[in-house]
Amino acid sequence: QLQLVESGGGLVQPGGSLRLSCTASGLTLEDYTIGWFRQAPGKEREGVSSISRGTDGGVANYMYYVKGRFTISRDNAKNTVHLQMNALKPEDAAIYYCAAARRDSSWLFLEEHNYDYWGQGTQVIVSS
């Protein structure tokens with residue numbers, strides 16, 4: 001069964017950090033472009049970051065609102081993609097989703113229709 005599972009969400013104070021993980025069963029994540037998306041209450045889902053396929057770790061890209069604070073990376077040995085989130089702001093609070101696309105891209109790749117598999121999401125709360 002093909003499945004993506006996100007983990008690592010939780011409650012953090014503004015300025016704090018969290019590391020989200022996206023693990024897979026039934027597919028090898030290094031063969032897919034991986035995207036992270038988020039959806040805040042009352043808002044549409046938006047893209048956050050993507051990383052291209054590759055055994056060398058892939059090419060990472062970020063939306064401007066997280067660039068310099070978030071880092072996407074692969075751990076191919078564990079079939080996992082991480083999203084390290086630093087300097088979190090209240091506006092980063094959302095449900096975060098990872099998704100996998102068969103299509104490769106070394107550019108920012110955050111059109112949802114391009115993604116073939118989605119996880120169920122993990123909630124991030126940023127509050128003091």
Set of residues satisfying salt bridge (Lys or Arg N to Asp or Glu O under 4.0 Å) with respect to Glu111, sequence neighbours excluded:
none
Would you please name every residue forming a side-chain contact (heavy atoms from CB on, under 4.5 Å) with Ser49, sequence neighbours left out?
Tyr62, Ile72, Leu83
Any sub-3.5 Å donor-acceptor pair from Asp75's side-chain atoms to Thr80's backbone N or O?
no
Output field: ring centroids Tyr115/Tyr32 closer than 6.0 Å
no
Check ion pair Arg74-Glu30 (N to O, under 4.0 angstrom)
no
Over 12 non-hydrogen atoms of neighbours within 6.0 angstrom of CZ in Arg19:
no
Can you pull out every disulfide bond (SG atoms under 2.5 Å apart) where at least one residue sits in residues 69-120? Sequence neighbours excluded, please.
Cys22-Cys98
Pairs in or reaching into residues 34-72: which pass disulfide bond (SG atoms under 2.5 Å apart), with residues at least two apart or in two chains?
none
Qualifying side chain to side chain donor-acceptor pair (under 3.5 Å) pairs, either residue in residues 117-128, two or more places apart
Arg102-Tyr117
Can you tell me if His82 and Ser21 form a side-chain donor-acceptor pair at under 3.5 Å?
yes
Among the clusters formed by ILVMFWY side chains lying less than 4.5 Å apart, do Leu20 and Ile95 turn up in the same one?
yes
Return each pair, listed once, that meets side chain to side chain donor-acceptor pair (under 3.5 Å) where at least one residue sits in residues 84-97; pairs must be two or more places apart or across chains.
Ser17-Asn86, Arg38-Asp92, Arg38-Tyr96, Arg69-Asp92, Gln84-Asn86
Is Leu11 reachable from Leu18 through a run of hydrophobic residues whose side-chain heavy atoms are each under 4.5 Å from the next?
no
